[in-house]
Amino acid sequence: MTKRELAPTFVPADIEPRMYQHWVDSGYFTADSSSPKEPFTIVIPPPNVTGNLHIGHALDQTLQDCLTRMKRMQGYEALWLPGMDHAGIATQNVVEKQLAAQGLTRHDLGREEFVKKVWEWKAESGGQILGQMKRLGDSVDWTREAFTMNETLSQAVLTIFKKLYDQELIYRAERIINWCPRCLTALSDIEVEHSDDEGELVSIRYGTGDSEIIVATTRAETMLGDTAVAVHPDDERYAHMIGKTVTVPLINREIPVVADAHVDPAFGTGAVKVTPAHDPNDFEIGLRHNLENLVILDADAKVVNTNSAFDGMDRYEARKAVVEALRAEGRIVAEKRPYIHAVGHCSRCDTTVEPRLSKQWFVKVAPLAKAAGDAVRDGRVKIEPEELAPRYFEWVDGMHDWCISRQLWWGHRIPVWYGPNGEVIVVGPGESAPAGYEQDPDVLDTWFSSALWPFSTLGWPNNTEDLKKFYPTSVLVTGYDILFFWVARMMMFGLFAMDGVPPFGTIVLHGLVRDQFGKKMSKSKGNVVDPLEFIDKYGADALRFTLARGSNPGKDQALAEDWIAGSRNFATKLWNATRFAMMNGVTVEGDLPPVSALNAIDKWILSRLSETTAEYSELLSTYEFARASEVIYHFAWDDLCDWYLELSKEAFASGNAQATQRVLGYVLDQLFRLLHPVMPFITEELWTTFTGGETLMTAAWPASNSSHLDKDSEELITQLQRVITEVRRFRNDQGVKPSQKIPGRFIAPADVAQYSSAMAFLLKLELGDFTPSASVEIGNIKCELDLSGAVDVEAERARLEKDLATAKKDLATAEVKLNNQGFMAKAPESVVAEIRERQAATTADIERITAQLAALK
RNA sequence: GGGUGGUUAGCUCAGUGGUAGAGCGUCUCGUUUACACCGAGAAUGUCGGGGGUUCGAAACCCUCACCGCCCA
């Protein structure tokens, strides 16, 4: 063992990067699939290859690293598997933007060249987030780094596609899908974000005279594609119209009035226009009534096929023109502007989504989603916190078929080939299509491959050692915001592909990181923070501790730079406490002295350590990161630094501290182990320096030692703390400077009096003979003091009167209870006893304070 | 419209039946050799409103108000 000196101050930047590299080089992060140890597996929610580490990643990864490091220390074969997602639209957009700067589009390059270009971009500037994860200290197994477009993961995609197709869980159909007219691709429901936008609500009169009917719309241009008007079957206002036709203005098309129970008679006029090709609800109505699907908007959202003056206009231009033309014909009955309503936007480029009829590939989700729901319902998979389970059920139980085809070039190309005579075949891994067949030009939704992540990253479809050892994964840690995007899909595909074995045992959901006022971070608000800046400024440990400390299960957390500074202060505190220990000969060598040989102060800290260890471990293993952090923080700062070290200073100063040197050594050793998962860098530095050990990463996790629990010592130290606090308060009230030594002595029972010198040392009292001029009483303990000058009687009286008032109030509340017959009859004995004790104690206090007040006069 | 979470100290939040807590901030004193990224002391709450259950409610029930999120 080689002990080193501790630098005078802790500078995170000086140790973090080299320490991280050392960890990687030493193979501590690398999991062994042939190990006999029980596995513990986490797969990282793969960040986008285009992404940079934002504060949400920092939180997510801190929690995962925390669990991984703890489990590793607990003797598990811990695997935290890193990797990235190819992020179809996002990545394609990035590269297209680069091309646009040169005046090129992807079509100028052609498909093959463009995809090559994307790979080049990835090699050069993709995956920056991986380096940033290292700054955070993530103990991920870099030897297993995965990427959704890699060869093995692509094989997994082909395999499952074919398997789903063969079981008729993938089909091709003409449906209304969400279409982004800018990205020129279909989007799944979850790639659409709704916001309340300003629009217009225009009421239009169709038909004339008796066959007149008024409909309202926010998209007037869609009237060009109307093929019906629908009313509720029970709506008497329109009973006479059902089955008849009305004329659509401008294009003079006769369309039927149909009765459909899905029409809300209370909304507007109770009659709705039906545009089956451009609205999902209308499409459904169309199916029920055999209506024609008139496509009147093309891929760019320009009007087509109407044989009118509107052809060629884009949707907004046409909306205006259509309203103008209707107004000129006197067809506009009412206009509401602005009209606030929910509008869907492309989650990638924010363009307003256009519902569009088109031929796409779908996953039939009903059976898969059922299984995904059941796995949670029957308890095979737990959701933490369980309050979020209803959201999960709401989603999986009401999921629409999943549109998986995307009109992009970057992604897994759909393995379907079409023959010259309309044949359709799916080409699995290792197979090839017959000559003359052409492959479907579309690629798969990015989430299709992400849904395979928990097993594709372990080598599936091959039955690899990794897959055998590490599947199913233990926990999935992610934000509740992607419960639907990703988690539900992994559940569906995991259960399907892995013969009903769910991809993880527990889903741990955390919240979002918000700004210091609890507001959502957004670029437009300018309140977005950069975790890397915080790491530069305060160290990774400080950021990690702050995030863990703020992470209550499933709840959002506010984050302010001040809190991170506070965590940095905590790190400094640990550093300095260790320096103090080291300069006082504290050691981890030799056996811990038997408890019977220890003084109450040493017994007390061991007892507190044991309690803290148990509580903290329990909280961490139940994903209560905030509460765990709070517990360890107060143990380290309050119990250890503020009390134990202070109470022990007299022993160190007097050179009579052999037992304490060893006890403190033990406590620090254990504390560093406990803190290591959250604050890996500083604990590693302190521990290796202090103990001379090789690494804390594989050191054993502390066990709570019940033989150290000692309620008597805890009670005694609590008494000492009260005495010390009261004397300090008295000195403060009397204007005695903290550093000024004054004569003092304790008149107390033997167990307390035994620690007179320890108390005197930290109270700056000189024990000895003197004539007291003042005294402080705490229960049956008296501290006599010589202020060697005038006692500030007024200050003392004010203090005593305040204490008296408090005591009287406490006594009153206690007596109200004791005089309450209901309470005496029904409250449990222990509670009654407690109130009685309180009554006795406050009564004694009142007597004592009253006497003191009398003596002052 | 349907779900769902919240309302506790100046701010951000813990606290699932027995005298209201933390961090930060505020005020006072202090460079006592671990630490001023510190120490000591102090102040600060009709726990959103109303009703109910209970010996006892911040907590359980009902109701209202106001914020937020998810889904339509």
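Just so it is clear, the values below take in all heavy atoms, side chains as well, and ignore hydrogens, waters and symmetry mates. Computed from a prediction, not measured in an experiment: that's the story for all the values here. Order of the sequence lines fixes the chain letters, A, B, ..., with proteins taken first and strands second; residue numbering starts at 1 for each chain.
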**Message:** What's A/D481 touching, base or sugar-phosphate or nothing? Going by heavy atoms closer than 4.0 Å.
**Reply:** nothing

**Prompt:** If you look at every strand shown and take non-hydrogen atoms under 4.0 Å, does A/N820 touch a base, only sugar-phosphate, or nothing?
**Reply:** sugar-phosphate

**Message:** With rounding to the closest Å, how many angstrom separate the C1' atoms on B/C38 and B/U31?
**Reply:** 10 Å

**Prompt:** Considering the options A/K808, A/R729, A/K809, which one meets the salt bridge (Lys or Arg N to Asp or Glu O under 4.0 Å) requirement together with A/D803?
**Reply:** A/R729

**Request:** Verify the distance criterion only: is there a donor paired with an acceptor across the side chains of A/S648 and A/T660 at less than 3.5 Å?
**Result:** no

**Message:** Distance check needed: B/G18 C1' versus A/E834 CD, whole Å only.
**Reply:** 7 Å

**Request:** Establish, with yes or no, whether the OP1 or OP2 oxygen of B/U12 is under 4.0 angstrom from a side-chain nitrogen or oxygen of A/K519.
**Result:** no

**Message:** If you compare all heavy atoms of A/N584 against all heavy atoms of A/Q661, which two are closest, and at what distance to 0.1 Å?
**Reply:** O-NE2, 2.9 Å

**Asked** In whole Å, what separates the C1' atom of B/C37 from that of B/C24?
**Response** 14 Å

**Complete:** Rounded to whole Å, the CG-P distance (A/D562 to B/C11) equals 16 Å

**Asked** OP1 or OP2 of B/U19 sitting under 4.0 Å from any side-chain N/O of A/K817?
**Response** no

**Message:** Check the phosphate of B/G30 against A/K737, side-chain N and O only, distance under 4.0 Å to OP1 or OP2. Yes or no?
**Reply:** yes

**Prompt:** Centres of the A/F672 and A/W687 rings: under 6.0 Å?
**Reply:** no

**Message:** Counting neighbours of CD on A/E386 that are heavy atoms of other residues, nucleotides or ligands and sit closer than 6.0 Å, is the number greater than 12?
**Reply:** no

**Request:** Using the C1' atom as the reference point in each nucleotide, state the distance between B/G17 and B/A72 in Å, no decimals.
**Result:** 40 Å

**Prompt:** For A/T725 and B/G41, is the shortest distance between a side-chain N/O and OP1 or OP2 below 4.0 Å?
**Reply:** yes

**Request:** Would you tell me if any nitrogen or oxygen in the side chain of A/R729 comes within less than 4.0 Å of OP1 or OP2 on B/A42?
**Result:** yes

**Prompt:** Can you tell me if the side-chain N/O atoms of A/R627 get under 4.0 Å from OP1 or OP2 in B/A14?
**Reply:** no

**Message:** Distance check, P atoms only: B/G45 and B/G10, in whole angstrom units.
**Reply:** 8 Å

**Message:** Students often get this wrong, so: under 4.0 angstrom with heavy atoms, is A/R549 touching a base, only sugar-phosphate, or nothing?
**Reply:** sugar-phosphate

**Message:** On the nucleotide B/C69, are OP1 or OP2 found under 4.0 Å from the side-chain N or O atoms that A/K520 carries?
**Reply:** no

**Message:** Work out how far the C1' atom of B/U12 is from that of B/G56, and round it to whole angstrom.
**Reply:** 31 Å

**Message:** For B/A40 and A/W643 - does any side-chain N or O of the residue sit under 4.0 Å from the phosphate oxygens OP1/OP2?
**Reply:** no

**Gap in Å between the two P atoms, one belonging to B/G6 and one to B/C13, rounded** = 13 Å

**Item:** Contact under 4.0 Å: A/K826 side-chain N or O vs B/G18 OP1/OP2
**Value:** no

**Position toward the 5' end of RNA chain B (nearest nucleotide), A/L645 or A/Q516** = A/Q516

**Message:** Heavy atoms only, 4.0 Å cut-off, all strands: where does A/P390 land among base, sugar-phosphate and nothing?
**Reply:** nothing

